[in-house]
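Presented below is the structure to which this report refers.
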Amino acid sequence: MLQQTQVKTVLPYYDRFLKTFPDVFKLAEAEEATLMQHWEGLGYYRRARSMHAAAKRIVEDHDGVFPSDFDEVLALPGIGRYTAGAILSISGDQRFPVLEGNTQRVFSRWVALRRPPTETQSTKLLWQIAESMLPPKKGSGLFNQAAMELGALVCTPKNPNCGECPVRKHCAAHRFGKEAEIPGKLAKIKYESRREYAFVVREAGAGDDEPPRYLMRALPEGVRWSGLWDFPRTIERSIDSVEEAAVEVSVSLNQPLQIGEPLTRIKHAVTKYRIELQVHHADLPSPSASQNHDSESPWKFVTAKEMKKLPLSVTGRKIAKLLD
DNA sequence: AATACGGGGTG
DNA sequence: CACCCAGTATT
């Protein structure tokens, strides 16, 4: 959960997660949708799927006991060098270093590294530094956590609080007065603006006493928000007009889509993309077609109440709230 | 080596 | 708005 996500953000998720999945067996046998439900809003959803796969493998290959061998931990899905080192140093005080956002910055300043820390050579050097600074025998877990905590609370990206830093006397960046310029600037991200469209398709021909149902589907493997549910929407490229978007969505629905009134406009960001999502109502002109989709189709009509129990993307959730 | 993957917090 | 977060997997 903590990969690329601030501790403060994770805390409430973590507590709920442990209550629902108190051990590796519960996690392994859970439905993926249940897992995703608990992950909703955290982002980087592949982490949840990887964790699920890892739990299954721990049950199958390790008799339900988390491995203590570095290479076996590293081999688990979703676990790289950082996470393997963090787990083994913190849980068993094994002597492995960690290098992540915080320690990258802390050690870059420590040695006054000129180059951006993400360059291959820098990364190699920083891992060596992290390893060399570990206490020789006991205490690697405590050291790693302290180093990360120092980065999170004192040695911050902007306006580092060197006056409070317990190790400032040994920090090369501070000695040179270069703490503001180090770590070196990363290559500037090229942001890309996109316009995308979503459609709220209300089921035609439902009785007046029935709650309305809306078309949704779970995103398939290999696309954004894989494993989450969402309304029909465009994805993967910018689209200029609602008409063009309707055609695109019609293809995936395998039936024509009649554009209705605009409902809302949601701005959000996915990595380098800044997306303006235009949301329209829409109809399926032939009611029979809306009921007779084949069993291969992922699309389903869902009530607002049912949406509350499905894992939705954040934008999907925002739209769902408007329908309730 | 570059890119995809989310969403929220912060200055 | 730009940058960053207790990164990993894939191309």
Side-chain angles (χ1 to χ4, degrees), chain A residues 1-14 36 39-51 53-54 73-91 96-108 116-124 126-127 130 141-153 155-161 180 183-194 196 219 221-228 230 235-237 266-275 277 311-318:
Chain A
M1 281 183 176
L2 288 167
Q3 291 168 353
Q4 288 287 282
T5 307
Q6 295 193 342
V7 173
K8 197 199 292 185
T9 306
V10 163
L11 282 175
Y13 285 87
Y14 180 73
M36 298 306 280
W39 209 273
E40 183 185 307
L42 250 191
Y44 284 140
Y45 297 95
R46 187 172 57 185
R47 294 180 295 176
R49 298 149 71 86
S50 296
M51 185 192 279
V73 175
L74 192 62
L76 294 170
I79 295 186
R81 185 174 176 186
Y82 157 72
T83 305
I87 291 171
L88 291 180
S89 67
I90 294 171
S91 68
F96 292 106
V98 295
L99 189 66
E100 37 65 76
N102 291 302
T103 48
Q104 247 177 31
R105 183 173 58 255
V106 168
F107 294 140
S108 290
T118 48
E119 289 181 0
T120 306
Q121 295 296 336
S122 301
T123 300
K124 195 177 170 189
L126 288 168
W127 274 110
L142 196 56
F143 176 86
N144 286 336
Q145 292 189 72
M148 292 188 281
E149 198 75 354
L150 186 67
L153 300 181
C155 195
T156 48
K158 288 177 183 173
N159 309 319
N161 203 342
K185 290 194 181 86
L186 312 175
K188 205 171 181 182
I189 302 168
K190 286 186 180 172
Y191 291 98
E192 192 180 323
S193 294
R194 280 189 180 176
E196 299 181 7
L219 277 302
E221 198 102 16
V223 302
R224 265 182 353 213
W225 302 300
S226 175
L228 298 182
D230 209 343
I235 205 166
E236 292 182 349
R237 72 185 181 93
I266 301 170
K267 288 185 177 180
H268 68 120
V270 178
T271 62
K272 68 173 185 174
Y273 302 106
R274 290 185 300 212
I275 301 168
L277 181 68
L312 267 51
S313 68
V314 166
T315 54
R317 185 61 69 198
K318 285 177 180 170

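Below, chains carry the letters A, B, ... as their sequence lines are ordered, and counting in each starts from 1. All values derive from a computational prediction rather than experimental measurement.
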**Q.** P-based separation of C/dA6 from B/dA4 [nearest Å]
**A.**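 Looking at atom P only, B/dA4 and C/dA6 are 24 Å apart.
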Q: With P as the reference atom in both, quote the distance from B/dG8 to C/dT8 in angstrom, rounded to an integer.
A: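 That atom pair is separated by 23 Å.
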(Q) For a quick test of reading the model, state the closest non-hydrogen atom pair linking A/P117 to A/T123 and the distance between them. (A)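 Closest heavy-atom pair between A/P117 and A/T123: O-OG1, 3.2 Å.
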Q: Could you tell me which non-hydrogen atom of A/R105 sits nearest to which non-hydrogen atom of A/A152, and how far apart they are?
A: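 Nearest heavy atoms, A/R105 then A/A152: NH2-N, 4.3 Å.
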Taking only side-chain nitrogens and oxygens of [X], does any of them come within less than 4.0 Å of OP1 or OP2 of [N]?
X      : N      : result
A/R47  : B/dG6  : no
A/K272 : B/dA4  : yes
A/K8   : B/dT10 : yes
A/Y273 : B/dA4  : yes
A/Q4   : C/dG7  : yes
A/W225 : B/dG7  : yes

(Q) Between B/dG6 and A/T5, counting only base atoms on the nucleotide and side-chain atoms on the residue, is there a donor-acceptor pair under 3.5 Å? (A)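 When only heavy-atom distances are counted, A/T5 does reach the base of B/dG6 through a donor-acceptor pair under 3.5 Å.
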Q | Base C/dT8 paired with A/R46 side chain (donor-acceptor, <3.5 Å) | A |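 Per atom types, the contact qualifies.
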Listed nucleotide nearest any side-chain atom of [X], set [options]:
X      : options              : result
A/Y45  : B/dG11, C/dG7, B/dG6 : B/dG6
A/A152 : C/dA6, B/dG11, C/dC5 : C/dA6
A/V7   : B/dC5, C/dC5, C/dA6  : C/dA6
A/Q6   : B/dC5, B/dA4, B/dG8  : B/dG8
A/Y191 : B/dG7, C/dC3, B/dG9  : C/dC3

What contact category does [X] fall into here, base, sugar-phosphate, or nothing, at under 4.0 angstrom with non-hydrogen atoms?
X      : answer
A/R317 : nothing
A/R105 : sugar-phosphate
A/T103 : nothing
A/I189 : nothing

Q. If each of A/R224 and A/K318 is mapped to the nucleotide of DNA chain B with the nearest heavy atom, which maps nearer the 5' terminus, i.e. the 5' end?
A. A/R224
How long is the line joining [atom1] of [X] and [atom2] of [N], in whole Å?
X      : N     : atom1 : atom2 : result
A/E221 : C/dA9 : CD    : P     : 15 Å
A/E149 : C/dA6 : CD    : C1'   : 9 Å
A/L11  : B/dG9 : CG    : P     : 13 Å
A/L2   : B/dG8 : CG    : C1'   : 15 Å
A/M148 : C/dA6 : CE    : P     : 9 Å
A/H268 : C/dC1 : NE2   : P     : 14 Å

Using 0.5 Å steps for rounding, measure from the [atom1] atom of [X] to the [atom2] atom of [Y].
X      : Y      : atom1 : atom2 : result
A/S313 : A/R224 : OG    : CZ    : 9.5 Å
A/M36  : A/L42  : CE    : CG    : 10.5 Å
A/L126 : A/Q104 : CG    : CD    : 6.5 Å

Q.
Are the side chains of A/Y13 and A/W39 in contact, using a 4.5 Å heavy-atom criterion?
A. no
Q) How do A/L99 and A/K158 order along DNA chain C: which one's closest nucleotide is nearer the 5' end? A) A/K158
